[in-house]
Amino acid sequence: MDTFSSTGLAFGGGVVLGAAHIGVLKAMDEIGLSAECVAGTSIGSFIAAMYAFGKSWQEIEAVALDLDWTDLTGLTISGYGFLSNRKFGEIVRARLGSCRIEDAPIPLAIVATDICTGDKVVLRKGDVATAVMASSSIPGIFRPVESGPMLLVDGVLTENVPVSPLKEMGAGKIICIDLFGRHTFRRPEHLPNLLLNAFYSAMRAISQIQIRSADLIISPDLSRFSLVDMSAVPEILDTGYREARPLLEAWAGGHR
């Protein structure tokens, strides 16, 4: 497989829309592209972690197809949120074991937000499952992850498509996957949908600025899909694949 020199791959957040990331990985695999470093935010942190520890797109797809919303959440008593995504951490550990970010064969960065200060936190060391839980902890829905004096929540609040960590990691070329660049939000049906719409619509404008420096922006049109409908995962994955394949082929042709 050919690999571009120092190619970084940024996986953005987007709840169930994150299945499109797997389609992008499928397209990259077919073309013969791979990444030398990866970064992820929210659901993108899960995909990035799996990829960084050597999981193929087929293996990641199998996990995604086996998941259900109830697999990712559990009731918790907390003043910070009414659900815990502890089960999400358990799923990561079941697939990867108790591994640490710094031990990933492909350098990995996971983005979270310290809700105490509003600062972006780029996790390059520590337990992978805990980092994925932190990066995916949607404020008001999931309980934050405590790390020393910090309360870590979803990285969507500070950098939903994590291009800047890849620059800091030395990536010469950056491909990013923005799940919301062309997304049209729907009327929310319940509180979680309302909160998700609020978070992702609020971050979209700043995210467009943050990803301008990427060498290739993949932004599939996922407007017809719900953010929480797990039954749509196969179709979301296929949409990501079909829209990414020609973009990646054209980009590869100009960089070989």
Side-chain angles (χ1 to χ4, degrees), residues 1-4 6-69 71-72 85-112 122-136 155 161-162 165-166 169 171 174-177 179 218 220 230 233-241 244-245 248:
M1 176 180 290
D2 293 331
T3 304
F4 296 156
S6 291
T7 299
L9 184 57
F11 299 93
V15 202
V16 174
L17 302 184
H21 291 315
I22 307 171
V24 175
L25 291 178
K26 176 182 177 181
M28 289 179 63
D29 183 58
E30 290 180 354
I31 296 169
L33 306 180
S34 59
E36 291 188 345
C37 57
V38 293
T41 297
S42 201
I43 189 63
S45 71
F46 174 72
I47 305 295
M50 297 286 282
Y51 183 86
F53 279 90
K55 299 299 181 182
S56 66
W57 71 263
Q58 294 96 330
E59 291 174 297
I60 303 173
E61 177 189 34
V63 174
L65 293 175
D66 193 44
L67 290 179
D68 184 39
W69 183 253
D71 291 332
L72 306 183
N85 63 354
R86 176 180 51 83
K87 289 184 180 179
F88 200 10
E90 292 173 356
I91 290 169
V92 174
R93 289 192 179 94
R95 269 63 183 187
L96 300 181
S98 296
C99 51
R100 297 182 64 80
I101 297 171
E102 61 267 35
D103 295 329
I106 297 173
L108 168 66
I110 291 176
V111 175
V122 180
L123 301 167
R124 294 294 316 280
K125 295 181 179 180
D127 180 69
V128 173
T130 301
V132 170
M133 286 171 57
S135 182
S136 307
V161 186
L166 295 174
M169 296 162 77
I174 295 176
I175 302 170
C176 74
I177 310 166
L179 303 177
I218 299 173
M230 299 293 291
V233 163
E235 192 176 357
I236 295 171
L237 189 156
D238 184 62
T239 301
Y241 168 77
R245 178 72 192 247
L248 288 165

key: Those residues that, when tested against R95, pass salt bridge (Lys or Arg N to Asp or Glu O under 4.0 Å) (two or more places apart)   =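 So R95 forms a salt bridge (Lys or Arg N to Asp or Glu O under 4.0 Å) with D66.
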[X] and [Y]: which non-hydrogen atoms are nearest, and at how many Å?
{"X": "A49", "Y": "L96", "value": "O-CD1, 4.0 Å"}
{"X": "M28", "Y": "A35", "value": "CE-N, 4.5 Å"}
{"X": "A112", "Y": "L123", "value": "CB-CD1, 4.4 Å"}
{"X": "G240", "Y": "V24", "value": "O-CG2, 4.1 Å"}
{"X": "A64", "Y": "V233", "value": "CB-CG1, 4.2 Å"}
{"X": "A131", "Y": "I101", "value": "CB-CD1, 3.7 Å"}

Rounded to the nearest 0.5 Å, what separation is found between the [atom1] atom of [X] and the [atom2] atom of [Y]?
{"X": "I218", "Y": "I177", "atom1": "CD1", "atom2": "CD1", "result": "5.5 Å"}
{"X": "E61", "Y": "L237", "atom1": "CD", "atom2": "CG", "result": "5.0 Å"}
{"X": "R100", "Y": "T130", "atom1": "CZ", "atom2": "OG1", "result": "9.5 Å"}
{"X": "C99", "Y": "D127", "atom1": "SG", "atom2": "CG", "result": "7.0 Å"}
{"X": "M133", "Y": "I91", "atom1": "CE", "atom2": "CD1", "result": "11.0 Å"}
{"X": "T41", "Y": "I47", "atom1": "OG1", "atom2": "CD1", "result": "12.5 Å"}

Within the 4.5 Å heavy-atom criterion, are [X] and [Y] side-chain neighbours or not?
{"X": "T7", "Y": "S34", "result": "no"}
{"X": "P162", "Y": "L166", "result": "no"}
{"X": "L65", "Y": "P234", "result": "yes"}

request  = Answer yes or no: is there an ion pair linking E30 with R245, defined by an N-O contact shorter than 4.0 Å?
outcome  =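 A salt bridge links E30 with R245.
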message = Between L248 and I175, does the side-chain contact (heavy atoms from CB on, under 4.5 Å) criterion hold? Intermediate values first, please.
response = CA-CA 9 Å; L248 288 165; I175 302 170; 4.2 Å; yes
request  = I would like to know whether M50 and V92 meet side-chain contact (heavy atoms from CB on, under 4.5 Å); could you show each step before the answer?
outcome  = CA-CA 8 Å; M50 297 286 282; V92 174; 5.9 Å; no
Check whether [X] reaches the backbone of [Y] with its side chain - one donor and one acceptor, N or O, closer than 3.5 Å.
{"X": "R124", "Y": "E102", "value": "no"}
{"X": "S6", "Y": "A171", "value": "no"}
{"X": "S56", "Y": "E59", "value": "yes"}
{"X": "S135", "Y": "V111", "value": "yes"}

Pairs where residues 6-31 contributes a residue and the test ring-ring contact (aromatic ring centres under 6.0 Å, His included) is met, not counting sequence neighbours =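 Non-adjacent pairs meeting ring-ring contact (aromatic ring centres under 6.0 Å, His included): F11-H21.
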Summary of ring-ring contact (aromatic ring centres under 6.0 Å, His included) pairs that have at least one residue in residues 31-65, sequence neighbours excluded =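 Every pair satisfying ring-ring contact (aromatic ring centres under 6.0 Å, His included) with a residue in residues 31-65: F46-F88.
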